[in-house]
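Encoded as structure tokens, the structure appears first; notes follow it.
All residue numbers in this chain count up from 1 along the given sequence.
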Amino acid sequence: DNTVIVGEVRPSPTVFEKALMWKNGAVTELGNLANGERSIAYGINNLEQVVGVSSTSGLDTNRAFLWVNGNMDELASLGGRYSAALDVNNLGQIVGHAEIDLGTVFKRRPCLWEGSSVINLETLGGDDGAAYAINDLGTIVGRSSDGSETMKAFRLKNGSMIDLGTLGGNESRANEINELEQIVGAARNMSGTIRAFIWENGTMTELPTPGQGQSEAYGINDSGQVVGQFFPEGGVLCENGTMVFLNDLIDSTLGWNLYAPQKINNKGHITGKGIHNGQSKAFILIPGLRILSPSTNEKWIAGKTDTIKWSGGEAGQLVQMEFSVDSGNTFNLIDFGISGIDGKYGWAIPNSILSKKCMIRIFDMIDTTNVDTSGIFRIKGYVLTRDSSGHYEPFRPSQDQWGYSNIQNDMWPLTWYQQFNYRGIDPFINSTYSQWQGNFAFKNASSKDHPDWVSWVNSFSVDACYHSTPVSYTH
């Protein structure tokens, strides 16, 4: 999150790779382990501890390393000739893979380094695997062969390793995990095509990408922004259920093709590999301000406080925020002088807003070309409405209320209302009625209270009668 970048450079085909660190425009070569000729840096944490792999004896032996404050130290192995450290969290826990001697053959095993010790994390039942990422909770993800030697994405949490499944095919791999335990990677679908996925709460979901070509997700931040690659078109950013090509975020005359993004931090800064004027180069992309919440078609409640979220803010930057209720034709001030790097703002939504055509706009107060506008979303309070040509139309007592007194002679008979059971499943949201509805509101209602909920919803629509779905919360 400090936008310090690590990787490797190979100046020419006759020179081996050298691990590097980029910080504030300066480049530091990290060196090699003793007697080594090449090195690659794969991961860095907020303490600027760097991990990777370096040769130690010509090119025959390669070892995982930890680099801190100018010193590169070799990490313990599992007995084989090869090991590599791929990620390090902010607690200094390191993950990667290392060879293990199985008697007749060497195989890779996912491993964890803590202090001077290395731990063989075992597999899903096969002989091969690697750990690619670890978050600050100590949850590890990667890929492992199962009993049939098929590679599967795994999650290792609290000592328990689980198979994350696939998208209908036979293989998968997990590349990254954030602090919310969201996992991204790639898996084969039923047709055998490799597709990017996000896994959360036990469910693997294919990420939106154009067409039916191959895709893979490599990085995810704590706002749920995902970066990856769609083949052969190039690098993509997925957020709020939509996808944008990274090349569409930059000036096409700059000569860049940002084809392989690898990481995205919590500021929204993206790093990866690209082609610049025909040469392979590393890049960092700072997309500018981008609104993450509200998302398109979301519903917020007037009179309540909700959180506007954005990425791309910088230290020392001040932003102004506005809202529209007419699809962006006009905007009204929310606040100004907001710290751009905060990334969130609690908005006390005016109780007077009632619109299906709301938008949020945010822009840099100095560089007003650094601006983003949300998709159209909805705001309404706890008021009864109906849809009228795409607009909310509020209930007007003087025109819309019941035309006569609620006396028994004007009501349906009590036997009509006694037939309704509000302790089962609400047919509109496929969820059980709340305890308040089933045990009090409807149970104790009399006929003059009109407890025919189904007819009521059919008359005024689900949107008018529920706060949100699938939780049944009535207006």
Side-chain angles (χ1 to χ4, degrees), residues 1 4-8 17 19-21 30-36 38-57 61-102 106-124 126-145 153-161 173-179 181 183 185 219 262-263:
D1 289 338
V4 181
I5 307 165
V6 296
E8 80 279 353
E17 298 95 332
L20 297 178
M21 179 171 70
L30 305 185
N32 308 294
L33 293 173
N35 302 315
R38 65 188 292 268
S39 59
I40 300 173
Y42 288 114
I44 184 172
N45 62 15
N46 289 340
L47 302 176
E48 297 186 11
Q49 297 173 317
V50 181
V51 297
V53 61
S54 169
S55 61
T56 60
S57 178
T61 303
N62 294 274
R63 291 283 191 246
F65 73 75
L66 169 65
W67 183 95
V68 182
N69 296 327
N71 298 311
M72 181 181 289
D73 294 319
E74 181 179 330
L75 296 174
S77 74
L78 293 177
R81 293 182 303 172
Y82 184 87
S83 61
L86 304 180
D87 194 26
V88 56
N89 66 13
N90 290 317
L91 302 178
Q93 296 173 303
I94 302 168
V95 294
H97 54 88
E99 279 188 337
I100 188 170
D101 187 354
L102 297 180
F106 284 92
K107 289 289 187 177
R108 291 186 312 167
R109 287 291 172 86
C111 53
L112 167 69
W113 287 272
E114 291 186 299
S116 60
S117 300
V118 60
I119 302 171
N120 181 353
L121 299 178
E122 300 301 335
T123 66
L124 291 170
D127 288 333
D128 202 3
Y132 293 146
I134 182 171
N135 66 13
D136 288 348
L137 299 174
T139 304
I140 300 168
V141 299
R143 65 184 301 191
S144 165
S145 57
F154 74 79
R155 184 195 70 180
L156 178 61
K157 181 176 182 179
N158 298 327
S160 175
M161 181 180 289
R173 58 179 169 265
N175 293 325
E176 184 67 283
I177 181 172
N178 65 11
E179 298 307 316
E181 304 273 284
I183 301 167
Q262 300 292 311
K263 299 286 186 178

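- One finds the CD atom of E74 at 12.0 Å from the CG atom of L66 (value rounded to the nearest 0.5 Å).
- We find that E176 and K263 are joined by a salt bridge, their nearest charged nitrogen and carboxylate oxygen being less than 4.0 Å apart.
- A pairwise comparison of heavy atoms in E99 and R81 identifies OE1-N, 2.9 Å as the closest pair.
- Rounded to the nearest 0.5 angstrom, I134 CD1 and I94 CD1 are separated by 9.5 Å.
- Among all heavy-atom pairs drawn from N178 and N135, the shortest one is O-ND2, 3.0 Å.
- Remark: side-chain polar atoms of T123 are not paired, donor with acceptor, to backbone N or O of G129 under 3.5 angstrom.
- Electrostatic pairing of E181 and K157 counts as a salt bridge here, judged by a charged N lying under 4.0 Å from a carboxylate O.
- Around atom CZ of R155, more than 12 heavy atoms belonging to other residues, nucleotides or ligands sit under 6.0 Å away.
- A centroid separation of 6.0 Å or more is found between the aromatic rings of H97 and Y132.
- Using a 4.5 Å cut-off on side-chain heavy atoms (C-beta onward), M21 and I5 make no contact.
- Residues A153 and L124 share a closest heavy-atom pair of O-CD1, 4.3 Å.
- Checked options N32, V53, L30; the residue passing with S39 is N32 (criterion: side chain to side chain contact (heavy atoms under 4.5 Å, CB included)).
- Taken to the nearest 0.5 Å, the CZ atom of F106 stands 13.5 Å off from the CG atom of D127.
- A salt bridge between R108 and D128 is present, with a side-chain N of the basic residue lying under 4.0 Å from a carboxylate O of the acidic one.
- The nearest pair of heavy atoms linking V118 to C111 is CG2-CB, 3.9 Å.
- Side-chain atoms of W113 do not come within 3.5 Å of backbone N or O of Q93 as any donor-acceptor pair.
- Using modelled atom types and a 3.5 Å distance limit, the side chains of N90 and N45 yield no donor-acceptor pair.
- A salt bridge links E122 with R109: the closest approach of a Lys/Arg side-chain nitrogen to an acidic carboxylate oxygen falls below 4.0 angstrom.
- The line from CG of L75 to CZ of F65 is 9.0 Å long, rounded to the nearest 0.5 Å.
- In this structure the side chain of V6 never reaches within 4.5 angstrom of the side chain of L20, judged on heavy atoms.
- Within the 4.5 Å cutoff, side-chain heavy atoms of E48 are placed close to those of V4.
- Pairing each heavy atom of E179 with each of D136, the nearest pair is OE2-N, 3.0 Å.
- Between M72 and W67, the closest side-chain pair of non-hydrogen atoms falls below 4.5 Å.
- With hydrogens and angles disregarded, no donor-acceptor distance shorter than 3.5 Å links the side chain of T61 to the backbone of T56.
- The CG atom of N175 sits 9.0 Å away from the CZ atom of R143 when rounded to the nearest 0.5 Å.
- Of all non-hydrogen atoms in G80 and S77, the two that sit nearest each other are O-OG, 4.3 Å.
- Rounding to the nearest 0.5 Å gives a distance of 11.5 Å between CG of L112 and CG of D87.
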field: Candidate pair L156 and T139, rule side-chain contact (heavy atoms from CB on, under 4.5 Å), full reasoning
entry: CA-CA 6 Å; L156 178 61; T139 304; over 6 Å; no

